[in-house]
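What follows is one structure encoded as structure tokens, with my remarks underneath.
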Amino acid sequence: MTASSPNQSAAAEAYEPASIEQKWQQRWRERGTNSTNLQDGERPFYALMMFPYPSAEGLHVGNLFAFTGNDIYGRFQRLQGHTVFEPLGYDAFGIHSENYALKVGEHPMRLIPRNIANFRRQLERGGLMVDWRYEVDTTDPGYYKWTQWIFLELYKRGLAYKKRAAVNWCPVDKTVLANEQVIAGQCERCGSEVEQRMLEQWFFRITDYAGRLLDNLDGLDWSETTKTAQRNWIGRSSGARVRFPLAADPGAAPHAAASGISTADGGSGPGSDAGSPELASSADSIEVFTTRPDTIFGATYMVLAPEHPLVDRITTPGQREAVDAYREYTRQQDLISRKVNKEKTGEFTGGHAVNPATGQLIPVWVADYVLMEYGTGAIMAVPGHDERDFEFATKFSLPIVRVVAGAGETAGTPLAEAYSGGGTLVNSGEFNGQDAEQSIGRITEWLHATGAADAQVNYRLHDWCISRQRYWGPPIPIVYCDSCGTVPVPESQLPVLLPDVEDFRPDDTGVSPLARHEQWYFTDCPSCGGKARRETDVSDTFLDSAWYFLRYPSAGRDDVPFDAELTKKWLPVDSYIGGNEHAVLHLLYSRFITMVLHDAGHLAFEEPFTRFRAHGLIIREGAKMSKSKGNVVNPDEFMDRWGVDTFRTFLMFLGPYEQGGDFRDQGISGVRRFLERLWSSSLVATNEGEPDASVLRKLHQTIRKAGEDISKLQYNTAIAAMMEYMNVLRAGERLPHRAEVDPLIQLVSPFAPHIAEELWERRGNEGSVFDVQWPTFDPELAKDDTITLAVQVGGRLRGTIQVPADVTQEDALAAALAEEGVSKFVTGEPRKVIYVKGRLLNLVV
RNA sequence: GCCGGAGUGGCGAAACUGGUAAACGCAAGCGACUCAAAAUCGCUCGUGCGCAAGCACCUACGGGUUCGAGUCCCGUCUCCGGCACCA
């Protein structure tokens with residue numbers, strides 16, 4: 001009987017994952033195997049995974065896929081001699097929990113703890129190396145106390161401010177919606193058209209950090225896709241801010257007075273505040289932002305966004321009615337949701353401005369293809385060289401002038417469409433004949449000299465609206481006093497507790513439900529002691545998650561948000577793994593908050609995550625998993641049937657971790673077979689005799705391959721390599737030697753920790769397999785002494801030869817020509833011989 | 001439209017800086033063991049012609065560079081994800 005014989009392994013004890021897994025999870029708890037020595041641990045390594053939102057449905061297989069991938073990496077780092085900290089927590093505030101609570105009619109304060117308990121059970125079952133002593137729950141007052149503290153830190157530094165802004169409003173559900181709940185302009189819950197309502201909202205001035213957030217990306221070891229997504233989101237464009245003087249128009253002034261919009265203060269000049277167009281447009285000119293100052297000679301008209309404050313002033317009496325009607329129309333359009341790529345609409349204001357380059361009067365229009373939120377809310381229209389302007393000019397018969405001539409074109413070449421490419425400037429006065437791109441700087445200079453322009457960088461990024469007119473979140477720690485105005489709640493009075501009220505339903509006032517609870521709402525002014533009211537908005541869930549990684553090492557501490565010493569030792573995070581759906585918001589907000597805390601002197605670093613890798617998505621049988629399709633993998637079912645180790649390993653075997661994989665139910669049996677073989681081979685392994693040299697060679701090749709692959713998160717190929725080794729180990733009629741099997745147990749341990757512990761113990765070891773070092777790779781043992789060389793004739797494969805690893809070209813050639821399959825294609829001397837050492841020999845004839 | 005990513009057997013997938021395409025696994029077929037089945041073990045398994053040896057073809061499609069291309073270059077198509085009138 002051989003080692004692999006069925007009878008022999010049947011005679012040995014069968015592999016029963018359920019009892020082994022239970023045993024070891026119990027043992028880990030008792031021994032504190034997964035407890036990290038935060039104070040004294042050597043070579044600290046912080047392996048962070050994005051914490052889950054504890055839904056009522058329980059753990060999604062996607063969660064487990066993400067966490068297992070992180071766990072393997074963390075365990076691997078531990079085997080490399082690091083003290084690894086792998087904490088986990090719950091992102092439990094927010095609209096999803098609240099909506100679910102509303103749906104089932106249960107209070108989130110009762111519901112969430114139950115969901116968390118279920119999550120914890122499933123997570124513990126997954127065999128993660130999590131130190132549960134440092135669990136974080138964002139809804140815990142001990143946590144959100146510090147979320148509120150962070151708000152105050154920003155407030156102190158002038159980075160939190162209040163302004164009127166539009167919110168998404170569902171008229172049927174009578175509630176404010178988060179952006180992610182609006183799908184194509186409709187409420188994700190009831191499908192009704194979402195409206196915009198104007199409300200006072202709190203914002204964080206993330207735009208102040210746009211440049212740094214962008215520049216720092218270059219130095220981060222992150223997935224390129226994630227960095228690209230952030231770069232696009234921040235959306236830097238450089239160009240110029242140009243002022244177009246208003247033409248004297250006697251008709252305009254009275255309207256300005258009547259409109260009540262102050263345009264006379266002129267208090268802030270150009271460039272003082274990029275995000276605030278009201279201030280940016282001075283009394284007597286329209287400011288625009290352009291990335292193409294080189295085309296300014298072709299600016300034949302201007303367009304203001306319908307909400308632009310200068311519209312009233314510029315509109316002539318004759319056009320007032322039409323302009324007002326148009327603005328009302330666009331307002332209605334906005335309520336319905338803005339449609340992109342519809343036919344352009346607009347209206348002439350009757351007013352004119354002066355093109356500072358040509359000195360010509362050009363008409364000023366109002367149109368909704370210009371957005372108030374970007375730039376200055378006004379543009380110089382260059383129909384010859386901008387697609388949108390071209391479409392608009394064509395429709396309204398506005399002049400189109402060519403100012404850039406591409407290859408083979410002249411000033412007179414007609415424009416059938418906008419030409420946005422490069423070329424030579426034409427119809428551009430003294431700049432004629434110059435290269436368009438190179439003249440951007442020169443023209444900006446030239447305009448700047450007359451006071452008409454400044455070079456300017458603009459960002460697509462908007463300030464972060466953190467207000468939510470909802471119940472289930474941390475109250476924003478602000479009080480409004482009749483005499484003192486807006487007063488921040490002093491740190492000593494934190495947390496501002498979220499009251500446990502039964503009535504948390506949002507209503508159609510557009511104000512947070514908290515406003516209805518008078519005992520909470522009315523309070524004393526922390527400053528003068530007089531009558532005051534609380535801010536009733538709660539903060540965005542993304543604020544909770546923007547700093548949780550700072551909290552883990554200090555979880556439970558009441559005196560500080562994060563301990564200085566522990567933070568110094570453990571942060572920034574060494575490895576962060578999560579979904580790319582958070583590539584922009586969560587990761588950007590976390591970076592922003594970290595930078596602010598750094599600037600405030602609380603942190604020594606300004607980037608929170610040294611390394612980030614996005615994992616892929618799991619689909620099932622070629623289709624996306626969804627509740628409605630009923631094809632969601634229930635992790636508990638699979639773990640019951642196959643065991644946790646098999647399930648974990650299978651998830652990692654599906655495909656490249658960073659790309660995800662297709663969960664084919666049948667495939668899991670192969671992984672189970674692999675573990676069964678590991679089990680039986682380990683039990684029958686012998687100490688007698690010597691290990692086989694060729695098996696050892698394969699072993700060391702596998703040690704190298706597995707280590708390399710795991711550190712690159714290529715778990716699927718690491719597993720394949722171990723399977724290959726298993727096949728070598730079991731080939732032939734012999735019992736495997738312990739020296740051949742024991743290292744394999746260690747290689748498998750990050751993937752299948754329970755079976756590895758069990759076999760490690762049965763082998764006669766006292767402690768945990770995770771407290772020994774990863775097997776060392778010996779390059780000498782891994783070296784092949786004979787290799788297979790591919791032999792090509794004219795680039796086509798004609799045979800293979802077995803040769804010594806260090807064979808010379810001459811010997812290889814001789815051996816190759818001795819092969820009949822090769823020699824029959826070679827007549828006479830080869831013209832040329834290409835020899836790639838260890839790979840192939842190509843004879844060119 | 002723009003920005004990412006991807007197209008390889010029946011299926012999930014491998015392939016280091018250009019060097020034997022399909023490792024590993026699933027499914028399928030045949031065989032051993034068994035009264036039988038399951039499990040287990042062994043063999044076969046890209047397509048075409050062929051008993052075989054072998055030859056030809058094959059990495060979405062069309063070109064190119066090269067002794068040699070899944071990999072590099074040019075062009076085309078399809079799918080997935082994100083952004084969407086960003087001046």
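To find a chain, count down the sequence lines: A is the first, B the second, and so on, and within it residues start at 1. Keep in mind it's a predicted model, so treat the numbers as computed, not measured.
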(message) Are there runs of at least three consecutive Watson-Crick or G-U pairs touching RNA chain B, with each pair's two distances under 3.5 angstrom? Give them by first number.
(response)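 Runs of three or more consecutive pairs: B:1-7 with B:77-83, B:10-12 with B:24-26, B:28-32 with B:40-44, B:46-49 with B:54-57, B:60-64 with B:72-76.
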
Using whole Å, report how far [atom1] of [X] lies from [atom2] of [N].
X: R388(A); N: C2(B); atom1: CZ; atom2: C1'; result: 12 Å
X: H462(A); N: C83(B); atom1: NE2; atom2: P; result: 14 Å
X: F674(A); N: G25(B); atom1: CZ; atom2: C1'; result: 11 Å
X: N580(A); N: G82(B); atom1: CG; atom2: C1'; result: 9 Å
X: E581(A); N: G4(B); atom1: CD; atom2: P; result: 21 Å
X: L617(A); N: G82(B); atom1: CG; atom2: P; result: 10 Å
X: Y369(A); N: G1(B); atom1: OH; atom2: P; result: 21 Å
X: F289(A); N: A87(B); atom1: CZ; atom2: P; result: 7 Å

(message) Give me syn or anti for G9(B), where syn covers glycosidic angles within 90 degrees of 0.
(response) syn

(request) Name all residues meeting the side-chain contact (heavy atoms from CB on, under 4.5 Å) criterion together with D662(A); count only those two or more places apart in sequence or in a different chain, and write none if there are none. (result)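 Checked D662(A) against side-chain contact (heavy atoms from CB on, under 4.5 Å); matches are I619(A), R664(A).
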
Output all residues satisfying salt bridge (charged side-chain N to carboxylate O under 4.0 Å, His left out) with [X], sequence neighbours left out; order by chain, then residue number.
X: K395(A); value: E343(A)
X: D389(A); value: none
X: K783(A); value: E780(A)
X: E347(A); value: none

(message) Quick check on L415(A): does its CG atom have over 12 non-hydrogen neighbours (other residues, nucleotides or ligands) under 6.0 Å away?
(response) yes

How would you label the contact of [X] with the nucleic acid (heavy atoms, under 4.0 Å): base, sugar-phosphate, or nothing?
X: R677(A); result: sugar-phosphate
X: Q666(A); result: sugar-phosphate
X: N232(A); result: sugar-phosphate
X: T800(A); result: base
X: R673(A); result: sugar-phosphate
X: S237(A); result: sugar-phosphate

(request) Assess whether one donor atom and one acceptor atom, taken from the side chain of R460(A) and the base of C83(B), lie less than 3.5 Å apart. (result)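 By the distance-only test, no, there is no pair.
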
Distance, [atom1] atom - from [M] to [N], rounded to whole angstrom:
N: C57(B); M: G68(B); atom1: P; answer: 14 Å
N: C79(B); M: A27(B); atom1: P; answer: 32 Å
N: G9(B); M: G62(B); atom1: C1'; answer: 24 Å
N: U8(B); M: U59(B); atom1: C1'; answer: 4 Å

Contacts under 3.5 Å, N or O only, protein and nucleotides 53-58 of chain B:
unit_1, atom_1, unit_2, atom_2, d
A56(B), OP2, R798(A), NH1, 3.4
C57(B), OP2, R796(A), NH1, 3.4
C57(B), OP2, R796(A), NH2, 2.4

(message) Once ring pair (Phe, Tyr, Trp, His ring centres under 6.0 Å) is applied, do any residues pair with F612(A), and if so which ones, sequence neighbours excluded?
(response) W222(A), Y576(A)

(request) Could you pull out all residues at least two apart from F390(A) that satisfy ring pair (Phe, Tyr, Trp, His ring centres under 6.0 Å)? (result) none

(message) With nearest nucleotide decided by heavy atoms, which residue, L461(A) or I668(A), maps closer to the 5′ end of RNA chain B?
(response) I668(A)

(request) Report the residue (L789(A) or N727(A)) whose heavy-atom-nearest nucleotide on RNA chain B is the more 5′ of the two. (result)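 Final value for this comparison: L789(A).
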
Enumerate, atom names and distances included, each donor-acceptor pair closer than 3.5 Å involving a side-chain atom of residues 833-845 of chain A, sequence neighbours excluded.
unit_1, atom_1, unit_2, atom_2, d
Y835(A), OH, V807(A), O, 2.9
N842(A), OD1, G794(A), N, 3.4
N842(A), OD1, G795(A), N, 3.0

(request) Write out all pairs satisfying salt bridge (Lys or Arg N to Asp or Glu O under 4.0 Å) with one or both partners inside residues 699-722 of chain A, taking only residues at least two apart or from two chains. (result)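 Checked against salt bridge (Lys or Arg N to Asp or Glu O under 4.0 Å) - neighbours excluded - the pairs reaching residues 699-722 of chain A are K705(A)-D709(A).
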
(request) Please state whether the rings of H586(A) and H582(A) are parallel, tilted or perpendicular, taking 30° and 60° as the class boundaries. (result)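 Plane angle over 60°, so perpendicular.
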
(message) Please encode protein proximity along nucleotides 8-14 of chain B as a string of B, S and -, counting only heavy-atom distances under 4.0 Å.
(response) ---SBSS

